[in-house]
Amino acid sequence: MKAYVLRRLWQSALTLVGVSLLVFVILRVLPGDPAKMLLPEGAPQSAVDELNRHLGLHEPLHVQYGLFVKSVFRGDFGQSFQYRAPALRVVVERLGATVQLALAAMLITVLIGVSLGIVAAVRRGTRYDYASTVLAVLGQSLPNFWLGIMLILLFGVALRWLPTSGFESWRHLILPAVTLAAFPMALVARLTRSSMLEILGRDFIRTGRAKGLAERAVILRHALRNAAVPLLTVLGLQIGTLLGGAVITESVFAWPGMGKLVVDAIFFRDFPVVQTVLILSATIFVVINLLVDLLYTVIDPRIRYS
Amino acid sequence: MRDRSAASHSVGRRQFLTLSAAGLAAAGLPRAVRAQARRSGELVAGLSERMLTLDPANHYSISSTSVHRHMFDPLVDVTNDSKFVPALAESWRAVNNTTWRFTLRRGVTFHDGTPFNADSVVFTLRRVKDNTKLIKSFVYQDIESVEKDGDYGVVVTSKRPFGSLPAHLTMLGMLPPGAGKSEEAFFQKPIGTGPFRFVSWTHGDNIVLSANPSYWKPSQPRVEKLTFRFIPELSTRAAALRAGEIHVIDRVTPDLVETLKSSRGVKVYDVPAVEAQRWVFQLAKEPVKDQRLRQAISLAIDRNAIIKDLLLGYARPVDSPVPPGLIGHTSLPAKPYDPEKARQILKQAGYSNVTLDFVLMKDLYPKQLEISQAVAAMLGEVGIKVNIKNLEIATAREQRTAGTYDMFFSGWAHMPHDPDWYFGQWFTKAGSEKLTRYNNPRVEQLIAEGRVPDPKVRQAKYEELERILWDEDAEIWPYYSVAIYGISDRLRNFEPRRDYYVLLSDVAIA
């Protein structure tokens with residue numbers, strides 16, 4: 001087990017080096033000039049060249065990458081071109097908002113998605129099943145942008161129950177979290193339903209019922225636990241994605257998260273910020289993947305790593 | 001003429017003059033009377049762009065300027081009808097063509113009590129000139145020296161005439177010399193002489209300011225607290241206004257006006273902006289380098305249809321490359337819509353099967369894609385095929401630099417309320433080298449001669465050069481933009497700015 005973890009950590013480190021190199025090169029071969037994006041349209045070429053020199057972009061690519069790697073090991077991800085502040089600080093300032101939103105969306109996904117899936121599976125063919133299927137289809141097919149705007153117009157403008165946008169209190173979190181959760185919730189509901197249905201037909205469930213176990217125990221302790229492995233895989237991938245930032249939801253709700261930050265940074269060719277966000281989210285993704293793989297052994301004792 | 005309900009207020013040029021005259025008269029009232037204005041309440045504005053920095057010399061962002069104008073005062077202010085009026089400079093005059101002298105206002109202090117004087121001005125101007133990392137630095141490179149002339153006088157000399165210096169200074173907030181000790185720390189919690197003090201900045205979300213009780217204009221500010229929220233998505237900004245969470249939004253698009261007007265408690269203001277849309281040509285490239293082809297293109301475009309049908313009347317016909325109100329504006333004969341004549345010219349010049357690439361910077365200007373599609377159809381009518389290339393901004397600009405385009409959808413907001421920057425950038429050989437490749441020695445000479453401080457000389461030079469540009473069809477100027485704002489009906493004394501700024505120092509809330 002220990003050897004396994006060490007091997008995985010080593011692989012993760014390689015992945016991250018690969019990601020950093022790829023991001024670094026792709027950004028610099030893209031058409032577009034950072035200084036030109038920072039300066040107003042009417043800036044003379046001499047000002048563009050001067051600013052690019054200040055930004056260190058006049059050096060050859062391999063020199064730039066070398067300097068970058070060296071400073072990353074000192075915890076310095078470079079200065080954001082747009083914000084003129086350390087890129088890591090700019091990104092970390094947004095990380096809190098992203099984590100809040102991702103966790104809230106994840107909570108909704110797990111609580112509602114799994115419950116809907118269980119109900120649909122247990123009451124297969126009833127109106128509960130159909131209702132949950134309809135919800136799942138809606139959740140997966142409604143565009144986030146449209147759903148977000150509709151929620152704002154209904155709960156913010158018409159009813160005035162919740163704030164339309166912004167990042168202040170838990171009340172500001174509700175609408176964006178629901179919007180963001182719509183898709184993964186639907187996915188999880190459908191997945192829970194299908195894997196529950198498969199498990200509920202197995203012999204050990206019949207045995208459980210035959211020996212007089214309460215239906216609740218059969219479903220939650222025996223069926224759900226066995227259905228949880230594929231669910232965990234999906235949830236792990238989803239939380240990785242959510243933590244990487246949710247561009248559309250953040251835009252609609254003016255949520256100051258990492259998603260919008262990185263899109264703007266790509267748009268304005270703010271290389272240090274893009275690099276920092278991508279390396280950070282790749283790290284998060286890799287770590288969560290590792291955790292999920294380790295969690296399998298807890299949920300399903302048959303799984304062993306050596 | 002579009003229908004204007006009672007909720008819509010359009011401010012014309014004449015009204016501007018009246019308003020600003022009233023403003024000037026009020027400024028002359030005795031202190032005691034004006035000081036009776038009480039301060040109360042909180043104002044929240046929703047801006048379309050996120051603020052990136054608190055350093056007034058390090059950006060040309062309109063939203064950031066809106067915020068900074070409340071914390072930092074410039075030497076010179078500009079009214080909505082483009083008149084330059086005293087701010088921290090009480091007066092200024094051109095000593096000769098390359099020397100300006102500014103007389104500073106006395107008794108002004110920074111938020112920490114440090115007096116404002118010539119040292120602040122010398123520091124701020126030398127900093128922006130010498131620190132070429134700053135975004136505004138390139139504009140001040142013509143400055144030769146900045147010297148104190150007593151505690152309340154500053155003399156600025158330049159390498160060549162710099163008539164637009166006072167205009168540029170409207171965009172440069174004055175800093176205390178102490179800011180130089182540790183700039184990074186200073187701009188975390190900056191101080192200026194402005195009507196509001198910095199309180200907090202939640203990056204990407206909002207900035208909070210509080211009233212400066214010892215502001216040098218005793219009647220301002222008129223609220224205790226001012227918050228700017230950054231809400232780039234227009235539908236969200238509009239929803240927050242309609243929900244009563246915020247009191248003013250900028251950058252409303254024409255198609256949203258009716259929705260806002262029909263919302264309870266919301267008013268819509270519009271005003272002709274200091275911005276001209278311009279579709280520029282690659283003038284060193286066949287076939288658009290041929291003036292006959294450009295003239296045919298101009299004749300084939302129905303500008304009024306674009307203004308009326310696509311912009312719903314929220315744009316103004318163009319009568320000069322420079323919008324009204326700015327120095328140099330002169331009313332030239334309207335560009336006619338005459339597709340028949342366009343066809344004739346094309347036939348005479350031997351053009352058939354012309355195909356043009358029309359490059360757009362994705363999502364930058366309201367309705368730009370629809371407008372370009374309409375233009376493609378109009379040009380198609382006279383036999384010119386148009387390929388619309390709707391590209392991500394950086395990529396589009398790269399194509400412009402490389403010169404691989406025929407027409408480019410662009411715009412120019414005259415932020416300093418002075419056309420020198422526009423002319424110098426787009427119509428000199430050096431300036432336009434990586435843009436339109438424009439080259440006309442006579443125009444270049446007029447631009448150089450128009451740099452002097454004397455407004456009469458400038459007006460004459462600019463009129464002549466604008467006539468040349470107009471006759472050359474050097475660009476297509478399809479319309480002047482209109483700035484549209486949505487505001488809460490609880491606001492008092494809100495002025496919709498032609499330069500898109502949201503200025504709230506003199507605005508009260510009921």
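All values derive from a computational prediction rather than experimental measurement. Per chain, numbering begins at 1; letters A, B, ... match sequence-line order.
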[atom1] of [X] to [atom2] of [Y]: how many Å apart, nearest 0.5 Å?
{"X": "H59(B)", "Y": "Q82(A)", "atom1": "NE2", "atom2": "CD", "value": "13.5 Å"}
{"X": "R242(B)", "Y": "L153(A)", "atom1": "CZ", "atom2": "CG", "value": "6.0 Å"}
{"X": "E392(B)", "Y": "I266(A)", "atom1": "CD", "atom2": "CD1", "value": "9.0 Å"}
{"X": "E41(A)", "Y": "L435(B)", "atom1": "CD", "atom2": "CG", "value": "7.5 Å"}
{"X": "I393(B)", "Y": "F268(A)", "atom1": "CD1", "atom2": "CZ", "value": "6.0 Å"}

Problem set entry | Step-by-step side chain to side chain donor-acceptor pair (under 3.5 Å) determination, T132(B) to R53(A) | CA-CA 10 Å; T132(B) 51; R53(A) 197 179 57 75; 5.1 Å; no
For this session: For atom NZ of K159(B), decide whether the heavy atoms of other residues, nucleotides or ligands shown that lie under 6.0 angstrom number more than 12.
Result: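 Check passes, neighbour count above 12.
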For this session: Using a cut-off of 6.0 Å, state whether more than 12 heavy atoms not belonging to L187(A) lie near its atom CG.
Result: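 It does: L187(A) CG has more than 12 such atoms within range.
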Answer with side chain, backbone, both or neither: which region of [X] has an atom nearer than 4.5 Å to a non-hydrogen atom of chain A?
{"X": "F230(B)", "value": "backbone"}
{"X": "E183(B)", "value": "neither"}
{"X": "N58(B)", "value": "side chain"}
{"X": "K133(B)", "value": "both"}
{"X": "R50(B)", "value": "side chain"}
{"X": "E184(B)", "value": "side chain"}
{"X": "T202(B)", "value": "side chain"}

Proximity breakdown for [X] and chain B, heavy-atom pairs closer than 4.5 Å:
{"X": "I152(A)", "value": "side chain"}
{"X": "L159(A)", "value": "neither"}
{"X": "P163(A)", "value": "both"}

Between [options], which residue shows the highest count of heavy-atom pairs closer than 4.5 Å to chain B?
{"options": "A47(A), A158(A), S80(A), P44(A)", "answer": "P44(A)"}
{"options": "V252(A), I149(A), L51(A)", "answer": "V252(A)"}
{"options": "E168(A), E50(A), R84(A), K36(A)", "answer": "R84(A)"}

Heavy atoms only, distances under 4.5 angstrom: which of [options] has the most pairs with chain A? Name it, please.
{"options": "W426(B), W412(B), F187(B)", "result": "W412(B)"}
{"options": "A240(B), S410(B), G424(B)", "result": "A240(B)"}
{"options": "E398(B), M51(B), K136(B), Q141(B)", "result": "E398(B)"}
{"options": "T401(B), V139(B), N206(B)", "result": "T401(B)"}

For residues [X] and [Y], report the shortest heavy-atom separation together with the two atoms involved.
{"X": "V157(A)", "Y": "A239(B)", "result": "CG2-O, 3.5 Å"}
{"X": "F145(A)", "Y": "E233(B)", "result": "CZ-OE2, 3.6 Å"}
{"X": "A243(B)", "Y": "T164(A)", "result": "CB-CG2, 3.7 Å"}
{"X": "I135(B)", "Y": "L39(A)", "result": "O-CD2, 3.7 Å"}
{"X": "S165(A)", "Y": "T236(B)", "result": "CB-CG2, 3.5 Å"}

